[in-house]
Engineer: 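Before I ask anything, here is the structure I am working with.
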There are 4 protein chains.
Amino acid sequence: MEQMSPQAGWERHTQRPLLALAVAFAVAYAVPIVDASAGPSVTAACTAVEWVVWGAFAVDYLVRLALAPQRREFVRRHWLDLCAVVLPVLQPLRLLRLVSTLLLVGRRARMAPQIRLTTYVVGAVIGLLMFGSLAVLSVERESPHGNIRTLGDAVWWSFTTMTTVGYGDHAPTTGLGRIIAVGLMLSGIALLGVVTANIAAWFISRFEKDDVEERRQTEAIAALTEEVRLLRAEVSRLTAERPERR
Amino acid sequence: MEQMSPQAGWERHTQRPLLALAVAFAVAYAVPIVDASAGPSVTAACTAVEWVVWGAFAVDYLVRLALAPQRREFVRRHWLDLCAVVLPVLQPLRLLRLVSTLLLVGRRARMAPQIRLTTYVVGAVIGLLMFGSLAVLSVERESPHGNIRTLGDAVWWSFTTMTTVGYGDHAPTTGLGRIIAVGLMLSGIALLGVVTANIAAWFISRFEKDDVEERRQTEAIAALTEEVRLLRAEVSRLTAERPERR
Amino acid sequence: MEQMSPQAGWERHTQRPLLALAVAFAVAYAVPIVDASAGPSVTAACTAVEWVVWGAFAVDYLVRLALAPQRREFVRRHWLDLCAVVLPVLQPLRLLRLVSTLLLVGRRARMAPQIRLTTYVVGAVIGLLMFGSLAVLSVERESPHGNIRTLGDAVWWSFTTMTTVGYGDHAPTTGLGRIIAVGLMLSGIALLGVVTANIAAWFISRFEKDDVEERRQTEAIAALTEEVRLLRAEVSRLTAERPERR
Amino acid sequence: MEQMSPQAGWERHTQRPLLALAVAFAVAYAVPIVDASAGPSVTAACTAVEWVVWGAFAVDYLVRLALAPQRREFVRRHWLDLCAVVLPVLQPLRLLRLVSTLLLVGRRARMAPQIRLTTYVVGAVIGLLMFGSLAVLSVERESPHGNIRTLGDAVWWSFTTMTTVGYGDHAPTTGLGRIIAVGLMLSGIALLGVVTANIAAWFISRFEKDDVEERRQTEAIAALTEEVRLLRAEVSRLTAERPERR
């Protein structure tokens with residue numbers, strides 16, 4: 001492996017374990033919502049796991065900050081991560097913990113060199129669908145006029161929202177639920193943008209291929225090279241004749 | 001016709017008959033749903049046709065696999081087709097048979113050399129609209145709270161879904177119906193992407209045309225060629241003079 | 001004015017009057033729908049105007065066909081216009097007459113050299129909004145369960161449809177109304193596509209400007225030309241020295 | 001700072017104060033709507049602020065007109081601003097004043113050299129969301145059948161509208177409210193367009209980089225240059241030999 005900066009090294013080596021923790025968080029977040037009859041012990045365990053995962057990402061952030069060449073610059077560029085690290089301490093809301101962790105996971109995932117924008121967005125969309133459904137379910141189930149009561153409804157609703165179809169057969173009624181919905185809508189627009197952009201880029205790269213002007217140029221250069229080669233042959237004949245003239 | 005690989009040959013020759021079978025499948029699938037009062041004999045006949053068509057595509061897959069230069073590679077690249085071939089055997093659900101056949105038809109159609117992405121997507125969209133409507137109708141008609149009871153409603157609903165308009169005057173209420181709906185939504189986003197990408201590519205190819213830099217290059221090369229030609233003329237004069245000097 | 005083909009000449013000269021007729025058609029179509037209490041004489045007059053305008057465009061088509069260099073080719077390329085000319089004769093429905101005329105006007109407008117795609121689409125969208133509202137109103141006002149009863153509702157509905165927002169507070173309930181709605185949805189997607197494509201093309205044309213590779217090429221060619229010029233100078237010195245040696 | 005035209009100078013120096021006034025307008029517009037129990041004195045003060053801000057922008061327009069090199073041209077290019085300046089005088093409606101001021105602020109902001117299209121659109125979208133919510137709230141709260149009664153509902157509604165999700169749980173019922181809604185829908189489509197275009201442009205600029213044709217050209221040119229260099233060397237040897245032959 002070629003020599004790399006300590007920061008890059010840390011990022012590469014912590015990548016896998018952090019991913020595993022993210023999955024653990026997903027499970028720990030889902031369990032108490034999906035199975036509403038979960039006992040207090042289960043809920044407590046899940047909350048613990050959530051705190052641990054969030055803590056791990058917080059530590060990861062601090063280590064990367066410590067390893068960064070210019071700390072100022074690093075904080076300025078990752079201020080959003082900083083918020084995600086600090087907020088849950090100030091306000092230990094479950095939803096806030098979710099958002100913070102999702103944010104940290106997402107920002108971290110983008111550092112993995114092998115992840116391209118498309119895979120990143122698709123992954124983000126799936127993640128948002130899953131957590132959006134869970135979060136909305138947990139919020140709306142309590143509300144008196146809520147119409148999202150089962151996991152099925154929640155998933156269905158988040159699909160209709162992210163694809164901007166919006167039947168309106170299910171819609172959040174609480175402030176929190178609506179904030180989550182807005183997040184889903186915006187990410188849906190991003191998804192649409194990436195899909196379109198991908199296809200467009202692919203089309204255009206195809207269009208580029210048969211660029212007449214360029215092909216004409218290449219031919220012109222080839223002809224020119226031939227021209228010069230002939231010239232050189234002639235000149236070397238000129239030089240060859242020399243000697244025998246003595 | 002130029003010499004072609006056995007695989008390509010098979011693909012070209014089986015193209016038309018398979019297309020015909022696909023149409024037969026469409027009819028066989030539609031009949032029992034559209035005309036709800038169809039007798040058991042009709043239904044049985046349709047089911048038979050469905051199995052035959054699916055079988056034909058399964059055979060086509062196996063033949064192509066047999067003709068493939070590297071089998072491993074082929075399976076790896078067409079694993080989705082493999083599932084489509086195997087699944088209906090494990091789970092003889094009608095909807096599953098539909099999905100499998102649609103998948104096989106679609107993957108196969110993409111091999112036809114003359115089909116360009118746009119035509120492919122437009123075709124896929126029309127097919128999805130048609131089968132989406134039928135599938136949802138057959139699923140929702142049974143459900144107690146369903147609001148999609150006639151073919152007209154089903155077609156209207158699938159249009160409002162695929163264009164992401166989503167009035168909500170009709171919406172699936174069953175799990176299966178919603179899964180079909182999600183398929184329509186996603187293909188709708190793909191459609192939108194392709195439409196936009198097409199227009200964008202067309203625009204940009206227009207923009208490209210008047211690329212100043214490139215024209216300047218072509219001129220530069222032309223000038224250079226002229227330069228070299230003059231040079232060669234001079235050198236050959238130089239050689240010509242020689243003899244008379246003896 | 002430079003010499004032009006008889007076809008082009010006809011197209012340019014008939015452009016303005018045909019546009020005026022299109023406006024007349026719009027008024028004649030709107031009046032009986034907007035003012036439901038219009039007397040039979042008014043309605044009759046409007047119908048007459050509609051027939052006249054449609055007739056004018058039919059004649060225009062036939063003249064252009066007569067002036068076309070290859071008639072076959074012309075019919076093949078304008079078969080849609082041909083349908084629009086023939087259909088109203090076979091089926092004198094008001095809606096069909098509207099669609100035919102809109103089609104003829106649209107195809108004709110696209111021939112005007114000064115109209116660029118964007119302006120064309122924007123115009124088409126506005127036209128579709130206006131006629132879509134009127135057509136839906138005239139269709140839905142009669143239906144028992146219809147919820148689009150005033151012109152205001154119709155316009156509002158067609159906006160929510162074309163922008164794919166689709167609140168569902170108003171939605172067509174009749175088959176005809178829904179067919180019109182599908183037309184609006186599809187044109188809405190086209191509109192979105194053109195808007196995006198325009199912005200994208202504008203962005204990319206900005207990106208293109210600083211294409212590093214190309215600039216490097218131009219420099220390389222310049223250097224090469226210099227190289228050859230030096231060479232030529234040397235060779236001509238070589239030739240110059242000759243004579244004095246006698 | 002380099003020498004600039006008086007117009008550009010004025011634009012740069014008035015930029016900041018005008019921005020501050022725009023913020024003041026936002027507050028003055030929001031207060032009476034958000035807090036419905038505001039006394040007449042508060043309302044009067046807010047109205048005064050609104051008039052002042054509008055006046056400031058009107059003056060700015062006139063000064064820029066006075067400083068413009070060709071006044072005709074200036075009016076022709078900024079006729080929309082002119083309307084925005086004149087209308088509130090003819091029709092002192094609050095909503096009209098809002099639209100006029102938003103228009104003037106927007107057109108003015110676009111002159112700031114450092115603002116790029118994306119930031120401009122994002123800013124416009126946020127502004128439209130905020131003012132759209134307020135305007136709809138103030139309009140719909142009065143209507144008997146209105147379903148947008150609280151600020152929360154208004155904001156939620158404008159998000160569902162601008163992202164074209166359109167659940168339909170809230171929708172404007174008055175003509176004015178619907179006109180505002182159309183504005184939000186159209187700006188939502190613009191937003192989507194800019195998001196997609198940005199991503200697409202970014203993708204394509206990446207694609208461009210590895211343009212095979214171009215690289216081949218560069219190599220061809222390099223080879224050719226080498227060819228010519230060799231040739232030159234040979235010719236100079238030819239010349240060098242000369243002298244010693246005496």
Side-chain angles (χ1 to χ4, degrees), chain C residues 129 150 152-153 155-171 188 191-208 210-214 216-235 237-238 241-242 245, chain D residues 117-118 121 147 157 160-175 177-179 181-182 184-186 188-190 192-205 208-209 211 214-215 217-218 220-222 224-225 227-229 231-232 235-236 238-239 242 245-246:
Chain C
L129 272 174
T150 72
D153 285 353
V155 172
W156 166 243
W157 166 82
S158 49
F159 262 109
T160 56
T161 301
M162 189 171 262
T163 54
T164 76
V165 169
Y167 287 119
D169 51 355
H170 299 285
L191 169 68
L192 184 49
V194 170
V195 169
T196 312
N198 256 327
I199 304 174
W202 186 78
F203 272 22
I204 289 151
S205 69
R206 298 265 319 281
F207 271 54
E208 300 286 280
D210 47 15
D211 186 334
V212 186
E213 187 74 357
E214 281 199 340
R216 207 178 302 110
Q217 276 187 25
T218 323
E219 283 157 10
I221 295 174
L224 175 54
T225 318
E226 182 49 32
E227 186 75 16
V228 174
R229 193 163 286 113
L230 286 169
L231 168 59
R232 231 183 106 192
E234 196 141 1
V235 172
R237 254 203 20 259
L238 195 60
E241 284 174 354
R242 263 287 157 43
R245 243 181 31 257
Chain D
L117 182 63
T118 314
V121 169
N147 50 42
W157 166 81
T160 57
T161 301
M162 189 172 263
T163 54
T164 75
V165 170
Y167 287 120
D169 51 354
H170 298 285
T173 55
T174 63
R178 289 174 170 184
I179 290 167
V182 167
L184 280 178
M185 293 171 194
L186 296 181
I189 285 187
L192 183 50
V194 169
V195 168
T196 312
N198 255 327
I199 304 173
W202 185 79
F203 271 23
I204 289 152
S205 69
E208 300 285 282
K209 277 214 193 66
D211 185 334
E214 282 199 339
R215 217 179 296 90
Q217 275 187 26
T218 323
I221 295 174
L224 176 53
T225 320
E227 187 75 16
V228 173
R229 192 164 286 112
L231 168 58
R232 233 184 103 193
V235 172
S236 39
L238 197 58
T239 352
R242 260 288 154 41
R245 241 181 34 257
R246 297 252 147 67

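Side chains included, hydrogens not; waters and symmetry mates left out as well; all remaining heavy atoms used.
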Engineer: Quick one: what part of D:Val165 sits under 4.5 Å from any heavy atom of chain C, side chain, backbone, both or neither?
Structural biologist: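 Contact with chain C is through the backbone of D:Val165 alone.
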Engineer: Which heavy atom of D:Gly193 sits nearest a heavy atom of C:Ile199, and at what distance?
Structural biologist: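 Scanning both residues completely, I find the closest heavy atoms to be C-CD1, 3.9 Å.
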Engineer: Is the closest side-chain donor-acceptor distance between D:Thr161 and C:Tyr167 under 3.5 Å?
Structural biologist: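 Looking only at side-chain atoms, C:Tyr167 and D:Thr161 do form a donor-acceptor pair, the distance falling under 3.5 Å.
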Engineer: Highest number of heavy-atom pairs under 4.5 Å with chain C: which of D:Leu186, D:Val195, D:Val182?
Structural biologist: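 Max contact count across the listed options: D:Val182.
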Engineer: Looking at OG1 of C:Thr163 and CG of D:Leu192, how far apart are the two atoms once the value is rounded to the nearest 0.5 Å?
Structural biologist: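 C:Thr163 OG1 to D:Leu192 CG: 11.5 Å, rounded to 0.5 Å.
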Engineer: List in chain and number order the residues that pass side chain to side chain donor-acceptor pair (under 3.5 Å) with C:Thr196, two or more places apart in sequence or in another chain; answer none if no residue qualifies.
Structural biologist: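 Counting only residues at least two positions away or on another chain, C:Thr196 forms no side chain to side chain donor-acceptor pair (under 3.5 Å).
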